[in-house]
Structures are given as structure tokens and as C-alpha cells.
Amino acid sequence: MSAGESRLDVLSTKKLPYIVSLGGLDMVNFGPINSVPEKYKNRKLHSHNSNITLMRTSKEEAIQIGKILSSKINSAIGPVVLLIPEKGLSQLDSTGNVFYDPEVNEVLFKTLEENITINDDHKIQRVPHHINDPEFVEQVLKAFHAVTTESTDNIVKLDKIPVALSTKYELIMRKADPSTARGQIIQNLRNLVLQNKPIIGAGAGTGISAKFEEVGGVDLIVIYNSGRFRMAGHGSLAGLLPYKDANAIVLEMGEEILPVVHKAPVLAGVCATDPFRRMPNFLAKIKEMGFAGVQNFPTVGLIDGTFRLNLEETGMGFDKEIEMIGLANKMDLLTTPYAFDPEQARRLAAVGADIIVAHMGLTTSGSIGAHTAMTLDDSVRLTQAICDAAKSVNPDILVITHGGPIAMPEDADYVLQRTKGVHGFYGASSAERLPTEIAIRDQMKKFKSLSLTT
């Protein structure tokens, strides 16, 4: 799966400025696991998926790669800045992950520094960040700004680029941030599963909720209109009623929440049955804002009876939600749809859903939670049925559970310990409303317990 020996030969033929870095040089790509040559079978391997196997490079290979890259840069006829990300070259090459090996990386870095001929046009800069860090992206932008708008003498003066530049490129950085790249997100989540760690998603109705969900280590953040109602003290089902424009609320919430979340992927809840939205255009807007993906909410899946049948009969049913998920998949947005039964799970998996969220109904507990819900054991059975159905279409699909009686961490643990192939939990009310109710109540009680001196 080589890129070919001519990779980077353009440096020697086009007098253009180039920013070069080292992304992915910690690994070698092969096809399926059975395609790995016998001599490499005992090396450190990682199965990215059924079609791609990755091998961690050795010190000897790092030296060889460094010399090849040095030769390419030395032949460049235009200005080149090589940026070295000291904290890692890929998501797998980050602290705690399978290819993390600072010693091998340092061999590569020193080989480059020893073999590249430094002059007015060819420069090297070490950056004390991981290649996926926003701070590294900013250094790339600064270097690009320098080589494209200033004289080549300024290439080495990256520290003199005004700080205001980061504000100018804020939107670009969000788009370039790996937290919005679908493939990278899925890889990150699969790595968690390989480490026997659950995927935890959380709903956010306010910026402060999202900010501290990220501080707590959340893997995904989803924002939709019910979050706004929920954190205003109303039941989540307000998001299904005609109180406001659900999709407009999400855009407003995006402007509030996206700027305060720095690494966690943020997904938009999309009302797919909205007859006043041209869905391809709306999803393009979602992506342009910096959302990493979508979820189907508000959803008719929470509606039953004659009213639900009438919605289906009049073109405002669950089919619209499946159609939206398929379209989002084609636009390379992460898709994490709710499924309420096995058949919906199969159909969502068939259109390319990345993560099926097995929905157990409105969350119970707290001051505005539901009181009518299935039991935890019922949730175990339904979650497993939805999981099995999704995997019958796509064995590699990720599945997490949500809602109903699964309100607290111990509830989620109960379900996860009794299901097979379920990879985590997504909480909305349980992630922000319930913790807020408890924290504010207890804090007020502590203040009220104070006494005055006499």
C-alpha cells in the first residue's frame, strides 16, 4: 500500500512553498491480516479494520524513512518548512495507545535533523505537541501564512506571527481539527473498545454542560433542541412538540457550544422530518459550522399509537430519519442514530450508520424525568436485540445504549455487564440535568446549614 517512490518529488520540480510534516510515519500499511508477510508476523500489529492492518515502524525503518525524506527536502527548489510533532505522529502514536513509542520517533527526528541541509529556504522546527493537537494545527497555519505571504526570510520567524492570527483561523482550525474527521473519530472509539473501555456520549443543552463534559473525558457530545428545554427546567419531550423550530435551535446552540469544546466531537441533533429544510443544504451547513456528525432528533421513534401511524402514512415518519442518516453518511459526517427496535437498527445499519444508539425511552429519575418506563432487565433484552440486528447487517458497527431506566452510572454498568457487543452508553438527562439538579440542591443545602454568630 505504498504511496510510490515519486512521493514528494514535486518538491524538486515546482518552485512553490511547502509545509511538510510526519503524519503516519509511525506505521506501515498492509491489507487484511493474512496479507502481512511472514517476516513481519511477530512485529507490533494493529487491525484497523478487516481490510487494513498496520505495523509499527522500528528504529531501523525510522532511519531509512528519515534519510529518504531528507533527500526529498534537500532537492526542493522552493521554500520548505518541516514541522516535527514531538508528542506523536498519529492517533495510535499517542500516550497510552498501541503505537506510542517516543524512542523510535526520536530516532526519526534526529535522522532528519542530521541529514537535511539547513539554509535560507529549508528550515526545521520542532513543535512540542501531538500532530492531532489544535496547537500543532495552529503552528501549521502560522508556517503556511509565513511562506505564502511573507518573504522567505520570515519562514524561521514563526514566533513573530501575531497571536491574532489564531483568531483569524479559528474556523479553519475547527474544520482541520481531527475531532471533526469521521474516520479518525471512529478509529478513536474503536481503540477505546479494544482497551475494554466504554464509549461515553453526552447531551449538552448549554455551553457550560459541554465544557465540563469534555473536562470529564466524554467521547462524544450531542446537542439538540431538547437540551435547551431540559436545561430550562422543562421535560425533554418538549423537543417533540411545536414550541420552536428544532433545527434553528440546534444552529443557535452550535454557535454557543462549538467555541468552548476543543477536542471532543460535537454532533447535531437533526429533525429529519422538517418539511421546510432542504436536507442536503442543511447538512452542508451543519458540517460547515464544525459539527462532526448528526443524530436523528427530534425523532418520531418516541411516538406511538394512531398518531405515529398517521405520521408514517403522510410522509413524516421514521423513513425520513433513515434517509437523513444515509445522506449524512455520504457527506462523511459521523452518524449516531437512535433505533427503537431491531428492524430500525437493521435499516439504519444498511444505510451506513456508524453507531447505533439503542433507545430505551424517556429517561426516568429526577424532578422532570418520566415515571413510566421499562425495567433495567427489559433494557438489557431490548438493547441486545437491537445490537444483534445491527450487527447482522454490519458486524463492525458500534452500538451503545441510552435512556429509560438507565439514568445513573450504575444503571449503565448493569446493562453493559449483561449484554454482548454493546460498546457504551449515551446520556442526555443523565449527563447534565440530573447532575445539575443534585449539585445545585446539595450546594444550597450546605449554604442553608450555615449559622450566624451571636
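Everything numeric in this text was worked out from a predicted model, so none of it was measured.
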A.B. asks: Counting only N and O atoms by type, is there a donor-acceptor contact under 3.5 Å from the side chain of S90 to the main-chain atoms of L92?
C.D. replies: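 Side chain of S90 to backbone of L92: a pair is present.
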
A.B. asks: Measuring only between side-chain heavy atoms, which start at C-beta, is T419 closer than 4.5 Å to V399?
C.D. replies: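 When only atoms from C-beta onward are counted, V399 and T419 do not touch, as no gap falls below 4.5 Å.
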
A.B. asks: With a 6.0 Å cut-off (strictly less than), is the heavy-atom count around CD of E103, excluding the residue itself, greater than 12?
C.D. replies: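 For E103, atom CD is not crowded (no more than 12 foreign heavy atoms under 6.0 Å).
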
A.B. asks: Provide the closest heavy-atom pair for H423 versus I400 in the form atom of the first, atom of the second, distance.
C.D. replies: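 The pair with the smallest heavy-atom distance is C-CG2, 4.0 Å.
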
A.B. asks: Tell me the closest heavy-atom pair linking V261 and A210, and the distance in Å.
C.D. replies: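 Closest heavy-atom pair between V261 and A210: CG2-CB, 3.8 Å.
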
A.B. asks: Once you round to the nearest 0.5 Å, how far does CG of L22 lie from CZ of F109?
C.D. replies: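 If I round to the nearest 0.5 Å, the distance is 6.0 Å.
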
A.B. asks: How long is the straight-line distance from NE2 of H48 back to CD of Q187, given to the nearest 0.5 Å?
C.D. replies: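 One gets 5.0 Å once the value is rounded to the nearest 0.5 Å.
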
A.B. asks: If you apply the rule side chain to side chain donor-acceptor pair (under 3.5 Å), what do you find for E61 with S58, and how did you get there?
C.D. replies: CA-CA 5 Å; E61 289 158 349; S58 64; 3.3 Å; yes

A.B. asks: Testing I200, L189, N188 one by one against L220 for a side-chain contact (heavy atoms from CB on, under 4.5 Å), which residue passes?
C.D. replies: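 So the option named by the test is L189.
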
A.B. asks: Flag the pair I386 / I356 as yes when at least one side-chain heavy-atom distance between them is below 4.5 Å, and no otherwise.
C.D. replies: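 In short, these two side chains touch, coming nearer than 4.5 Å.
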
A.B. asks: Looking at V81, is its backbone amide N or carbonyl O close enough to the side chain of Q125 to form a donor-acceptor pair, meaning the two atoms are under 3.5 Å apart?
C.D. replies: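 Side chain of Q125 to backbone of V81, a donor-acceptor pair under 3.5 Å: no, none is there.
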
A.B. asks: Is there side-chain contact between N191 and H46, with heavy atoms separated by less than 4.5 Å?
C.D. replies: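 Heavy-atom side-chain distance check passes, below 4.5 Å.
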
A.B. asks: Does a side-chain N-to-carboxylate-O contact under 4.0 Å join D121 and K15?
C.D. replies: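 Salt bridge: no.
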
A.B. asks: With a 3.5 Å distance limit and no angle check, can you tell me whether N97 reaches the backbone of Q91 through a side-chain donor-acceptor pair?
C.D. replies: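 Pair found, side chain donor or acceptor close to backbone of Q91.
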
A.B. asks: Tell me whether the NZ or CZ atom of R278 lies within the 45° cone about the ring axis of F282 and under 6.0 Å from its centre.
C.D. replies: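 Cation-pi check for R278 and F282: fails.
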
A.B. asks: Would you please test K59 and E106 for salt bridge (Lys or Arg N to Asp or Glu O under 4.0 Å) and show each step?
C.D. replies: CA-CA 9 Å; K59 290 182 180 180; E106 187 59 30; over 6 Å; no

A.B. asks: Between D101 and K44, does any NZ, NE, NH1 or NH2 come within less than 4.0 Å of an OD or OE carboxylate oxygen?
C.D. replies: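 Looking at K44 and D101, the cut-off is not met.
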
A.B. asks: Quick one, L83 with V20, criterion side-chain contact (heavy atoms from CB on, under 4.5 Å). Give me CA distance, side-chain angles, the key distance, then yes/no.
C.D. replies: CA-CA 6 Å; L83 297 179; V20 178; over 6 Å; no

A.B. asks: Before you tell me yes or no, could you show the steps for M27 and R56 under side-chain contact (heavy atoms from CB on, under 4.5 Å), namely the whole-Å CA-CA distance, both residues' side-chain angles and the distance that decides it to 0.1 Å?
C.D. replies: CA-CA 5 Å; M27 63 183 74; R56 209 332 170 165; over 6 Å; no

A.B. asks: With no hydrogens and no angle check, do the side chains of D354 and T335 hold a donor and an acceptor under 3.5 Å apart?
C.D. replies: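 T335 and D354 do have a side-chain donor-acceptor pair below 3.5 Å.
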
A.B. asks: Is the closest side-chain heavy-atom distance between L11 and I77 below 4.5 Å?
C.D. replies: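 When only atoms from C-beta onward are counted, I77 and L11 do not touch, as no gap falls below 4.5 Å.
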
A.B. asks: Is it the case that the side chain of S71 and the backbone of K67 share a donor-acceptor pair, with hydrogens and angles ignored and the cut-off at 3.5 Å?
C.D. replies: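 No; judged by distance alone, with no hydrogens or angles, the pair does not exist.
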
A.B. asks: Check whether any side-chain heavy atom of N225 sits under 4.5 Å from a side-chain heavy atom of K244, and report yes or no.
C.D. replies: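 Side chain of N225 against side chain of K244, heavy atoms only: no contact under 4.5 Å found.
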
A.B. asks: At what distance, to the nearest 0.5 angstrom, does CG of L283 lie from CG of N329?
C.D. replies: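 CG of N329 is found 11.5 Å from CG of L283.
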
A.B. asks: Near N42 CG, under 6.0 Å, is it more than 12 heavy atoms from other residues, nucleotides or ligands?
C.D. replies: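 Atom CG in N42 is not crowded, with 12 or fewer foreign heavy atoms closer than 6.0 Å.
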
A.B. asks: Without swapping roles, check the side chain of D411 against the backbone of M408 for a donor-acceptor pair under 3.5 Å.
C.D. replies: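 At least one qualifying donor-acceptor pair exists.
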
A.B. asks: Counting neighbours of NZ on K39 that are heavy atoms of other residues, nucleotides or ligands and sit closer than 6.0 Å, is the number greater than 12?
C.D. replies: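 Counting other residues, nucleotides and ligands, NZ of K39 stays at 12 neighbours or fewer.
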
A.B. asks: When you look at NZ of K197, are more than 12 heavy atoms from neighbouring residues, nucleotides or ligands closer to it than 6.0 Å?
C.D. replies: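 Atom NZ in K197 is not crowded, with 12 or fewer foreign heavy atoms closer than 6.0 Å.
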
A.B. asks: Just list the side-chain donor-acceptor pairs under 3.5 Å for residues 247-255, sequence neighbours left out, or say none.
C.D. replies:
unit_1	atom_1	unit_2	atom_2	d
N247	OD1	C271	N	2.9
N247	ND2	C271	O	3.2
N247	ND2	D274	OD2	3.0

A.B. asks: Is the shortest distance from a Lys or Arg side-chain nitrogen in K110 or E113 to a carboxylate oxygen in the other one below 4.0 Å?
C.D. replies: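 Result for this pair is no, no salt bridge flagged.
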
A.B. asks: Take atom NZ in K391; do more than 12 heavy atoms of anything else shown fall under 6.0 Å from it?
C.D. replies: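 Count over threshold, so yes.
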
A.B. asks: Find out whether E86 and H129 are in side-chain contact, i.e. whether some heavy atom of one side chain is under 4.5 Å from a heavy atom of the other.
C.D. replies: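 SC-SC contact between E86 and H129 ruled out.
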
A.B. asks: Between NZ of K420 and CG of D388, what distance do you get to the nearest 0.5 Å?
C.D. replies: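 Answer for the NZ-CG pair, K420 versus D388, is 9.0 Å.
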
A.B. asks: Does L398 reach the side chain of R190, with side-chain heavy atoms less than 4.5 Å apart?
C.D. replies: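 Result yes, sub-4.5 Å side-chain heavy-atom pair found.
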
A.B. asks: Determine yes or no for a side-chain-to-main-chain donor-acceptor pair under 3.5 angstrom, with N296 supplying the side chain and E321 the backbone.
C.D. replies: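 Pair absent, no side-chain N/O of N296 close to backbone of E321.
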
A.B. asks: What's the shortest heavy-atom distance between V270 and M279, and which atoms?
C.D. replies: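 Reported closest heavy-atom pair: CG1-SD, 3.8 Å.
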
A.B. asks: Between S430 and A407, which heavy-atom pair has the shortest distance, and what is it?
C.D. replies: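 Closest pair (atom of S430, atom of A407, distance): CB-O, 2.8 Å.
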
A.B. asks: Using the salt bridge (Lys or Arg N to Asp or Glu O under 4.0 Å) rule, take D245 and R277 through it: C-alpha gap first, then chi angles, then the decisive distance, then the call.
C.D. replies: CA-CA 11 Å; D245 181 341; R277 303 281 177 179; 2.9 Å; yes

A.B. asks: Would you say E432's side chain and G205's backbone share a donor-acceptor pair under 3.5 angstrom?
C.D. replies: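 Such a contact is found between E432 side chain and G205 backbone.
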
A.B. asks: Roughly how far, to the nearest 0.5 Å, is the CG atom of D219 from the CG atom of L192?
C.D. replies: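 Between L192 CG and D219 CG, I get 5.0 Å after rounding to 0.5 Å.
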
A.B. asks: Given R347 and E343, is the side-chain contact (heavy atoms from CB on, under 4.5 Å) satisfied, shown in steps?
C.D. replies: CA-CA 6 Å; R347 295 180 64 196; E343 178 58 25; 3.5 Å; yes

A.B. asks: Quick check: closest heavy atoms across S379 and I406, and the distance to 0.1 Å?
C.D. replies: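 Looking at all heavy atoms of both residues, the closest pair is CB-CD1, 4.2 Å.
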
A.B. asks: Check whether any side-chain N or O of T53 sits under 3.5 Å from a backbone N or O of S47 as a donor-acceptor pair, and report yes or no.
C.D. replies: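 Answer holds: no.
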
A.B. asks: Could you go step by step and tell me if I131 and S21 meet the side-chain contact (heavy atoms from CB on, under 4.5 Å) rule?
C.D. replies: CA-CA 9 Å; I131 197 165; S21 193; 3.9 Å; yes

A.B. asks: Can you tell me if S236 uses its side chain to pair, donor with acceptor, with the backbone of R230 under 3.5 Å?
C.D. replies: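 Here the side-chain-to-backbone pair does not exist.
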
A.B. asks: Can you name the nearest heavy-atom pair linking F136 to P85, along with the distance?
C.D. replies: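 Closest pair (atom of F136, atom of P85, distance): CE1-CB, 3.6 Å.
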
A.B. asks: Verify whether one side chain among N105 and D26 offers a donor that lies under 3.5 Å from an acceptor in the other.
C.D. replies: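 No.
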
A.B. asks: Sub-3.5 Å donor-acceptor pair from the side chain of S70 to the main-chain atoms of N115, do we have one?
C.D. replies: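 A pair under 3.5 Å: no.
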
A.B. asks: Using the ring pair (Phe, Tyr, Trp, His ring centres under 6.0 Å) rule, collect all pairs that involve residues 322-344, keeping only residues at least two apart or in two chains.
C.D. replies: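 Listed once each, the pairs are Y338-H359, Y338-H402, F340-H359.
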
A.B. asks: What I want to find out is whether K87 reaches E135 closely enough, with some N-O distance under 4.0 Å, to be called a salt bridge.
C.D. replies: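 No.
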
A.B. asks: So how far is it from T436 OG1 to I440 CD1, rounded to the nearest 0.5 Å?
C.D. replies: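 One gets 5.5 Å once the value is rounded to the nearest 0.5 Å.
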
A.B. asks: Any side-chain heavy-atom pair from M331 and R182 closer than 4.5 angstrom?
C.D. replies: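 The answer is no, as the side chains (C-beta and beyond) never meet within the 4.5 Å cut-off.
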
